[in-house]
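The chains referred to below are lettered A, B, ... by the order of the sequence lines, with proteins before strands, and numbering in each begins at 1.
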Amino acid sequence: MSVRTRVAPSPTGDPHVGTAYIALFSLCMARKLGGQFVLRIEDTDRARSSERSERAIMDSLRWLGIDWDEGPDKGGPHGPYRQSERRELYVEHAGRLVTEGHAFRCFCSAERLSQLRAQQLEAKGKVGYDGHCLALAPAEAEARAAAGEPHVIRMRVPEAGQCAIDDQLRGKVEIAWDQVDMQVLLKADGMPTYHLAVVVDDHLMGITDVFRGEEWITSTPKHLLLYQYFGWEPPRYFHLPLLRNPDKSKLSKRKNPTSITFYERMGFMPEALLNYLGMMGWSMPDGEEKFSLDQMIEHFEPARVSLGGPVFDMEKLSWLNGRWIREELDPEGFARRMQTWALNASYLMPIIPLIQQRVERFSDVVGLTGHFLTGLPSLSEASFAHKKHSPEDIKKTLQFVVWRLDAHDDWRAEPLKQTLTGLAEGMGIGVRDMLFPVFVSISGQPVSTPMYETLEILGPDLSRARLRHGLAALGGVSKKQAKRLEKQYRELQT
RNA sequence: GCUUCCGUCGUCUAGCGGCAAAGACGCCGGGCUUUCAAUCCGGAGAUGGGAGUUCGAUUCUCCCCGGAAGCACCA
């Protein structure tokens, strides 16, 4: 049977570099062995999934040059490729497990469950479902379900013994069954959880090789067990190391730009970003660091994957990008790339209304719009000098803005305005004063284009990166300071 | 807390029982250049610790330590 791989992002935010990372390795595996690569959208979390995000993910992957053989946009023989459209499949399969005795209906309330969890945490024991509804007679459970009582379906799990996972990169990994929870498979809203959906879809879509982050390794027993219950052959698993922040924690937007669109906006070439992701945990046999997707495919071997979690280093990415720009672009190509990057109508149009009123000559434009075309403005402590406020106050304000915006998802002007004016109100200061360090951090100057619209155009990651950069220019916030400020911040929340 | 994974210069990697542990980013010094880059030359910098297997361990085994991840009706 030919090799089939897939990437299965969930459309719950900005397109993540981790998604591209997994996609890259999956794609290389499939292409190397002449198989297919599938894109599947895991949108079973109705509250968090959005169409906008799904589009952004597909656009970003394509921008990077990652193309799929089957997917929601191009169809294929195993569709639909969007989990929300496969609902009946999951219901049907979950039902089958119930009738065969591999799963059971659970009527426990959310309150009981969270209480249980709290108790278990306090007792410092194992945390997990206690099997309360296991005692229910099947007939009674069916009757209650038929009567419309809300419930979930959970899988049964062996009480003793070990589950052996044959990880293709790590070898045999053993996990005791008593460490595995009686996972919910079908939620009360009738949607599957990841664990059910991933198994059903991977099997039905003929996926033979699964690349995913190592965060999944401890839940693999659940998946293997489901394959066994269904009588299916499981795929080969390759658990890749996690991309890391400089402090070694899992790459996160709080600490690092994670959105592919950020790197696009910063002016990285897609080839260079993809190249860089390829050298995270993988290397060419000859040690060459600059390589194209085709070259990576040609030489790809899972055995060359290294397992230490690689720290995402933007400086090295920048160096690599420089090489791509210098070595692969002739002057015409360079000009074209500049155009597709930002010097085009679709990027410029939303900016025009923000500057037209403020311009007397076209030559004024550069000074007014520089911050739409730059990465991080050059800042010093002096940039934040203010006639009324002390540097300490400025720093505090900026930190509060950063925290508030970290928790803010809808990056359109109006919601941003609401959030920030709300913050100013809570802090008891004027919006103008609150925005001062924001203007400086974002544009490098105390005055520039209207802030909320500017933030929207810049996007969340670049905005956050600049605000953090501003904070750093102010001398940074020490642990001690952060603790004190955090307390004040929490007090104004209420 | 429990479980699992991981552990080579600050960072990304090479090594796959046997050459003074190699390359790259970054850093430092120098050459070239009107300047800045690019480029060239040079330098500092690592096998987490301890046992064991072996003639010989970065490499194999065990223990410790450290880091990370998972423990949801999120994926």
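Of the candidates B:G23, B:U4, B:G26, the closest approach to any side-chain atom of A:I217 belongs to B:U4. Comparing B:U11, B:A68, B:C25 by their closest approach to the side chain of A:E315 singles out B:C25. Distance from the side chain of A:R326 is smallest for B:A38 among the nucleotides B:A38, B:C5, B:C12.
A salt bridge links A:R468 and A:D406; the closest N-O separation between the charged side-chain nitrogens and carboxylate oxygens is under 4.0 Å. Between A:E142 and A:R105 there is a salt bridge, with a side-chain nitrogen of the basic residue lying less than 4.0 Å from a carboxylate oxygen of the acidic one. Comment: A:E301 does not engage A:R304 in a salt bridge, judged by the lack of any side-chain N to carboxylate O separation of less than 4.0 angstrom.
Proximity of a side-chain donor or acceptor of A:R144 to a complementary backbone N or O of A:H151 within less than 3.5 Å is not detected. In this structure, the side chain of A:T340 engages the main chain of A:R336 through a donor-acceptor pair within 3.5 Å.
For B:A14, the OP1/OP2 oxygens have a side-chain nitrogen or oxygen of A:S283 closer than 4.0 Å. Between A:K248 and B:U11, a side-chain N or O to OP1/OP2 separation shorter than 4.0 Å is present.
Within the nucleic acid shown, A:R46 has no heavy atom closer than 4.0 Å to any nucleic acid atom. Here A:G308 lies in heavy-atom contact (under 4.0 Å) with sugar-phosphate atoms only. At the heavy-atom level, A:M191 lies nowhere under 4.0 Å from the strands shown. When heavy atoms are screened at a 4.0 angstrom cut-off, A:G281 is found touching the sugar-phosphate backbone but no base atom.
For the P atoms, the distance linking B:A46 with B:U58 amounts to 15 Å, nearest Å. A distance of about 36 Å separates the C1' atoms of B:A37 and B:U47, rounded to the whole Å. Here the separation of B:G1 from B:A14, taken at their P atoms, is 33 Å to the nearest Å. Straight-line distance between the P atoms of B:C27 and B:U33: roughly 23 Å, to the nearest whole Å. Spacing of P atoms, B:C64 relative to B:C73, comes out at 33 Å, to the nearest Å. Here, B:U8 and B:G67 have their P atoms 14 Å apart, quoted to the whole Å. Comparing B:C62 with B:A68, their C1' atoms sit 23 Å apart, to the nearest whole Å. Spacing between B:G23 and B:G15 at atom P, rounded to whole Å, works out to 15 Å.
Here B:A24 presents its C1' atom at 10 Å from CD of A:E288, a figure rounded to the nearest Å. Here B:A69 presents its P atom at 6 Å from CZ of A:R244, a figure rounded to the nearest Å. Rounded to an integer number of Å, the gap from CG of A:D313 to C1' of B:G10 is 10 Å. Counting to the nearest Å, the C1' atom of B:C5 and the CZ atom of A:R212 are 14 Å from each other. Between A:F291 atom CZ and B:A24 atom P there is a gap of 16 Å when expressed in whole angstrom units. Rounded to an integer number of Å, the gap from CG of A:L251 to C1' of B:A68 is 13 Å. If you measure from atom CG of A:L169 to atom C1' of B:A69, you get 16 Å, rounded to the nearest angstrom. If you take NE2 of A:H299 and C1' of B:A14, they are 16 Å apart, rounded to a whole angstrom.
Nucleotide B:U61 is matched to B:A51 when pairs are restricted to Watson-Crick or G-U wobble geometry with both distances under 3.5 angstrom. Base pairing analysis places B:C25 opposite B:G10; the two distances defining the Watson-Crick or G-U wobble pair are each below 3.5 Å. In a base pair of the Watson-Crick type (N1 to N3 plus N6-O4 or O6-N4) or a G-U wobble (N1-O2 and O6-N3), with each distance short of 3.5 Å, B:U35 is matched with no nucleotide. B:A69 and B:U3 make up a base pair, with Watson-Crick or G-U wobble contacts both under 3.5 Å. B:A44 is unpaired under the criterion used here, namely a Watson-Crick or G-U wobble arrangement in which both key atom distances are under 3.5 Å.
Comparing A:V311 and A:L307 by the nucleotide of RNA chain B that holds the closest heavy atom to each, the one mapping nearer the 5' end is A:L307. Along RNA chain B, the nucleotide nearest A:L317 and the nucleotide nearest A:E174 are compared for position; the residue whose nucleotide lies closer to the 5' end is A:E174.
Counted within 6.0 Å of CZ on A:R412, heavy atoms from surrounding residues, nucleotides or ligands total 12 or fewer; the atom is thus considered open. Other residues, nucleotides and ligands contribute over 12 non-hydrogen atoms within 6.0 Å of the CD atom of A:E327. Residue A:R52 places its CZ atom among 12 or fewer non-hydrogen atoms of other residues, nucleotides or ligands, all under 6.0 Å distant.
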Might you work through the ring-ring contact (aromatic ring centres under 6.0 Å, His included) test for A:Y194 and A:H223, ending with a clear yes or no?
CA-CA 10 Å; A:Y194 169 82; A:H223 307 153; 5.7 Å; yes
Where do N or O atoms of nucleotides 71-75 of chain B meet protein N or O atoms at under 3.5 Å, pair by pair?
{"residue": "B:C71", "atom": "O2'", "partner": "A:V127", "partner atom": "O", "Å": "3.3"}
{"residue": "B:A72", "atom": "OP2", "partner": "A:R117", "partner atom": "NH1", "Å": "2.0"}
{"residue": "B:C73", "atom": "O2", "partner": "A:A188", "partner atom": "N", "Å": "2.9"}
{"residue": "B:C73", "atom": "N4", "partner": "A:C108", "partner atom": "O", "Å": "3.3"}
{"residue": "B:C74", "atom": "OP2", "partner": "A:K187", "partner atom": "NZ", "Å": "2.9"}
{"residue": "B:C74", "atom": "O2'", "partner": "A:D45", "partner atom": "OD2", "Å": "3.2"}
{"residue": "B:C74", "atom": "O2'", "partner": "A:R48", "partner atom": "NH2", "Å": "3.2"}
{"residue": "B:C74", "atom": "O2", "partner": "A:R48", "partner atom": "NH2", "Å": "3.4"}
{"residue": "B:A75", "atom": "OP1", "partner": "A:T44", "partner atom": "OG1", "Å": "2.7"}
{"residue": "B:A75", "atom": "OP1", "partner": "A:K187", "partner atom": "NZ", "Å": "2.7"}
{"residue": "B:A75", "atom": "OP2", "partner": "A:Y194", "partner atom": "N", "Å": "3.2"}
{"residue": "B:A75", "atom": "O3'", "partner": "A:E42", "partner atom": "OE1", "Å": "2.7"}
{"residue": "B:A75", "atom": "O2'", "partner": "A:S10", "partner atom": "OG", "Å": "3.2"}

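For the side-chain contact (heavy atoms from CB on, under 4.5 Å) criterion with A:L251, the lone passing option out of A:L242, A:T258, A:V311 is A:T258.
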